[in-house]
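When a ligand or atom number is given, it counts from 1 through the structure's own listing order. Both backbone and side-chain heavy atoms feed into the values below; hydrogens, waters and symmetry mates do not.
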Amino acid sequence: MIPADVQQTKQRFGIIGNAPGLIRAITRALQIAPIDLAVLITGESGAGKEFFPQIIHANSSRKHGKYIAVNCGAIPEGTIDSELFGHEKGAFTGALSARKGYFEEADGGTIFLDEVGELPLTTQARLLRVLESGEFLKVGSSTVLKTNVRIVAATNLDMVKAVSEGKFREDLYYRLSTIHIEIPPLRERADDILLLFRKFSTDFAERYRMPVIQLTDDARNVLLNYRWPGNVRQLKNITEQISIFETNREVDGATLQGYLPQYNIEKLPARQTATPGEQDHTFFEKERKMLYKTLFEMQKELADLHAKVEELTKAAQGQAHFTPSPQSVTVARSMALAPITTAVPVHVPASKGKTIDETEGEVIPNEAEYVEEQPTTLEDTERETIRKALMRNHGKRKKTAEELKISERTLYRKIKEYNLE
Ligand SMILES: Nc1ncnc2c1ncn2[C@@H]1O[C@H](COP(=O)(O)OP(=O)(O)OP(=O)(O)O)[C@@H](O)[C@H]1O
Ligand SMILES: [Mg+2]
């Protein structure tokens, strides 16, 4: 029997599911909401952590105060202190006027520090001071200011590991995790998978004005047996794709599997989450493969252009009074602008000859070959890939980062680096 206050909270925030782990997490959030202490929410990516700071704020004595959510992973290291704590005029180049930080803005309210594990160590020191005494300094100022803010932090990283690797201050970790709420991964909430699918498929059917997707028994089993590495977010995305693309509104297991990446590998019983290092590695691999693919496509286009320019040059040499067409000028200019090549800034196996990429069986030339053969740079390719992805996602960084399978921080850095603002 689910307590009435938990049921109301689920309704208020649109939370679906009755799994004991989820109900425990909501019950705990309601219990600790009135206790004015820091809270740490942990759980895998896409598990639904973002509901919890809101539940806590809305049920605390600060509910009429401000609630500010900050994605620590999306703010570049260079500006995060100023974003959080503010700065004085002239504190750094570009600081044309003084600015209030979130901690000053949220005085009397709650700050949600999402992806807190991404905070640089210097910022961690400032945060510890706020947690201990409510005191902070604006960047470029020596005047101690006071604020009264409750901190709710969230992370999908293994914080104990981050502490043991020296990436996260131990004292801050203990301070933040005085109260800890763990959100279980979706694969441990099996009964909720079908409930969530039904809710999402009904919502998407309404949004796209199409009949609701129905699942065969076989398809239901596929959903239940999948490992859901991206948790509820992944289930939601897949439901949306199916709702849009499947003309046959009754979906069977085989069709469904087509939407689940690495169905056989990602299936149970591999319950252990990837360590942050492994996650980085996977992201890196995906990013690398995507870049290679684009690079190969561009390489082919450039080879065609090369041939065309050569042809035109020969024709020009053969004619005493050759007037290049506007088209040939454009082609020639773009070839002149494209640097012959630069070193590839990604790790390419150092062995001689070609390397077989095990996951996809594609052949990756080694670094030396790139230097000789590439008529363009990897930077160009990367810039173009990011630019297009940003356009596709209407400039939304979170979505773009998700599509490119890189962190928002990396995306932010690349946007700056390539002047794509
Ligand atoms: N129990 C649930 N009921 C309904 N929707 C849910 C539930 N859990 C998660 N979602 C939805 O799934 C998506 C991902 O959830 P959320 O953003 O809270 O993930 P997260 O744990 O913060 O992940 P990350 O660590 O990647 O930031 C959101 O659209 C959220 O609304
Ligand atoms: Mg989140």
With under 30° as parallel and over 60° as perpendicular, where do the rings of [X] and [Y] fit, or are they tilted in between?
X: Phe168; Y: Tyr173; value: perpendicular
X: Phe204; Y: Phe200; value: tilted
X: His87; Y: Phe92; value: perpendicular

Can you sort out which atoms of ligand 1 are near [X], meaning under 4.0 Å from one of its heavy atoms?
X: Ile15; result: 1 (N), 3 (N)
X: Phe200; result: 5 (N)
X: Glu44; result: 21 (O)

What's the shortest distance from [atom] to any protein heavy atom, and which residue and atom give it?
atom: atom 12 (O) of ligand 1; result: Val232 CG1, 3.7 Å
atom: atom 22 (O) of ligand 1; result: Glu50 OE2, 3.1 Å
atom: atom 14 (C) of ligand 1; result: Arg233 CB, 3.7 Å
atom: atom 4 (C) of ligand 1; result: Gly14 O, 3.5 Å
atom: atom 7 (C) of ligand 1; result: Phe51 CE1, 3.4 Å
atom: atom 3 (N) of ligand 1; result: Ile16 N, 2.9 Å
atom: atom 29 (O) of ligand 1; result: Lys236 NZ, 3.1 Å

Fill in the blank from the handout: side chain to side chain donor-acceptor pair (under 3.5 Å) with Tyr418: of Arg387, Arg383, Glu382, only one passes, and it is Glu382

Practice task
Could you tell me whether ligand 1 has any atom less than 4.0 Å away from a heavy atom of Gly46?
Solution key: yes

Exercise for the section: Say whether Gly43 and ligand 1 are in contact under the criterion: heavy-atom distance to a ligand atom below 4.0 Å. Expected result: no

I want to know if ligand 1 touches [X] in the polar sense, i.e. an N/O pair below 3.5 angstrom.
X: Ser45; value: yes
X: Leu196; value: no
X: Asp114; value: no

Practice task
Select one of side chain, backbone, both or neither to describe which atoms of Asn156 lie under 4.0 Å from any atom of ligand 1, heavy atoms only.
Solution key: side chain

Problem - NZ/NE/NH1/NH2 to OD/OE distance under 4.0 Å, Glu50 and Lys398 - result: yes

Practice task
Could you tell me whether Asp36 and Arg62 have a side-chain N and a carboxylate O separated by less than 4.0 Å?
Solution key: yes

Problem - Presence of N, O or S from Glu50 under 2.8 Å of the Mg ion (ligand 2) - result: yes

Exercise for the section: Check whether any side-chain N or O of Arg220 sits under 3.5 Å from a backbone N or O of Leu215 as a donor-acceptor pair, and report yes or no. Expected result: yes

Exercise for the section: Select the closest option to atom 21 (O) of ligand 1 among Lys49, Lys398, Lys10, Gln234, judged by heavy-atom distance. Expected result: Lys49

